[in-house]
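Below, read A as the first sequence line, B as the second, and so on, with proteins coming before strands; counting in each chain starts at 1.
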Protein chains: 2
Amino acid sequence: MADKRGSRPHPRGRRPAGENTRAALLDAARAEFTERGFDGATVRAIAQRAGVDAAMVNHWFGGKDGLFVAAMEIPVNPEEIVHRILDGDPQQAAERLLRTFLSVWDTNGGGALTALARSVASHEQAAQMMREFLSGMVFGPVVSAVAPDQLELRAALCGTQVLGLGMIRYVIRLEPLASAEHNTVVAAIAPNLQRYLTGVL
Amino acid sequence: MADKRGSRPHPRGRRPAGENTRAALLDAARAEFTERGFDGATVRAIAQRAGVDAAMVNHWFGGKDGLFVAAMEIPVNPEEIVHRILDGDPQQAAERLLRTFLSVWDTNGGGALTALARSVASHEQAAQMMREFLSGMVFGPVVSAVAPDQLELRAALCGTQVLGLGMIRYVIRLEPLASAEHNTVVAAIAPNLQRYLTGVL
DNA sequence: ATAGTTTTTCAACTTTCGTTGAAAAGGGGA
DNA sequence: TCCCCTTTTCAACGAAAGTTGAAAAACTAT
């Protein structure tokens with residue numbers, strides 16, 4: 001009944017291998033940052049969720065900031081996403097773009113974009129990453145491929161619509177959009193987004 | 001040169017009257033919450049900005065939470081705003097709505113909505129206030145007056161566009177939207193917003 | 001096998017923040 | 001004038017969080 005190690009979940013030093021602490025930490029960090037934002041998430045909670053000690057964050061990532069940057073490195077390949085969006089009729093690019101975001105977000109509990117949105121609060125670095133992600137990684141390439149003019153303005157406009165949708169649906173959780181079917185959302189928003197991409201401004 | 005009270009900025013007890021601590025605290029709180037969000041703002045910084053002791057926050061508002069709620073009580077009258085938006089051609093309601101938000105925000109450094117947006121992070125109360133403000137105070141009444149059907153969906157859709165604009169322009173500060181003229185923004189976005197209000201979904 | 005390196009936990013430190021209680025000072029009514 | 005209430009600062013407390021250093025355990029190479 002009274003095993004000597006019974007009360008201590010983990011013995012001291014290195015663990016039997018196989019369990020990748022770094023990856024576990026990244027997963028836990030993504031979840032916590034998404035749920036609570038940069039300030040709300042604590043190193044201790046992330047470590048506990050990953051089942052390791054909080055000191056591991058410093059060992060592997062140098063600190064909370066490093067972990068945040070590493071965790072927000074998007075797990076999905078932006079080029080592949082962009083490629084899929086551009087594949088087909090340019091007049092339906094908005095619909096494909098919207099469906100892509102919705103499915104990434106819904107399988108992800110809000111996704112990295114939501115984590116960033118929640119973190120932009122007091123972290124200038126998050127705003128920086130957001131800018132780069134929005135204009136550089138996703139909307140920039142798409143707009144360049146399908147839009148006739150005013151590329152930067154169109155990219156920013158797409159940002160307002162997509163980010164606004166993310167905020168309302170996942171952060172504020174305003175009904176009926178928060179629980180609406182993908183088809184409903186797409187039917188309502190895709191035409192507007194399409195105008196930002198290829199319509200006359 | 002060496003006044004006995006020279007090193008102490010304020011003597012102890014009550015001050016000569018005339019200076020309204022409560023109001024100063026509210027102003028400072030609005031500024032700090034807007035710039036840094038609920039978590040980023042500290043009671044001490046707010047008090048220093050107001051030129052009073054941090055304990056005054058507890059004395060007047062019961063704590064940081066009470067101060068936040070009090071500070072977010074919107075200084076602009078929503079009914080008046082709604083009335084102005086509804087006054088005129090319903091087909092141009094979106095333009096008036098957009099211009100109203102832009103001017104409130106731009107004279108306000110982002111405004112209460114931005115403060116709330118920055119605070120939604122780890123404060124469920126902020127999300128609650130946001131929901132009520134969006135659907136109850138502004139978009140709800142406007143939509144009820146001009147929209148033909150699906151009132152709640154239309155209100156939420158307007159929320160995505162307006163909140164997204166606020167996030168991109170004031171929080172993320174993505175160019176060229178961040179520094180664009182009001183006319184440019186209105187020309188680009190009003191048609192889309194008008195579709196959410198009165199168009200066919 | 002043994003020495004050295006890497007990984008891991010533990011305990012403690014430091015800082016920051018919200019909050020509290022007591023004391024001081026001005027104002028107002030009896 | 002004297003007493004009481006309100007307002008204000010001050011000092012300190014307690015909790016929480018990011019970080020650090022040392023010791024222990026497992027792996028690796030010689």
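In this structure, A:Asn58 places its CG atom 15 Å from P of D:dA22, rounding to the nearest Å. Put simply, CE on A:Met56 is 14 Å from P on D:dG21, counting in whole angstrom units. The nearest whole Å value for the distance from the CD1 atom in B:Ile46 to the P atom in C:dT16 is 17 Å. Across the protein-nucleic acid pair, B:Gln48 atom CD and D:dT9 atom P stand 12 Å apart, rounded to whole Å. Residue A:Glu32 contributes atom CD, which lies 11 Å from atom P of D:dA17 at whole-angstrom precision. In this structure, A:Lys64 atom NZ and C:dT16 atom P are separated by 15 Å, rounded to whole Å. Distance, B:Asp53 CG to D:dT8 P: 10 Å, rounded to whole Å. Here the C1' atom of nucleotide D:dA17 and the CG atom of A:Asp65 are 14 Å apart, to the nearest Å.
When the nucleotides D:dT20, D:dG18, D:dT8 are ranked by their closest atom to the side chain of B:His59, D:dT8 comes out on top. In the set C:dG21, C:dT9, C:dG18, C:dT9 carries the atom at the smallest distance from any side-chain atom of A:Ala55.
Taking CZ of B:Phe101 as the reference point, atom CD1 of B:Ile189 lies at 12.5 Å (rounded to 0.5 Å).
Residue A:Ala47 is classed as having no contact, given no heavy-atom separation below 4.0 Å to the nucleic acid. Here B:Ala41 lies in heavy-atom contact (under 4.0 Å) with sugar-phosphate atoms only.
Counting only heavy atoms from C-beta outward, the side chains of B:Gln161 and A:Thr160 approach each other to under 4.5 Å.
In terms of phosphate contacts, B:Thr21 brings a side-chain nitrogen or oxygen within less than 4.0 Å of OP1 or OP2 of D:dT8. In terms of phosphate contacts, B:Trp60 brings a side-chain nitrogen or oxygen within less than 4.0 Å of OP1 or OP2 of D:dT8.
For B:Arg131, the side chain to side chain contact (heavy atoms under 4.5 Å, CB included) criterion is met by A:Ile172, A:Arg173, A:Leu174, B:Glu124, B:Ala127, B:Gln128, not counting sequence neighbours.
With respect to the salt-bridge test (charged N to carboxylate O, under 4.0 angstrom), the residues B:Arg169 and B:Asp106 qualify. At a threshold of 4.0 Å, the pair B:Arg49-B:Asp27 does not count as salt-bridged, since none of the basic side-chain nitrogens sits closer than that to a carboxylate oxygen.
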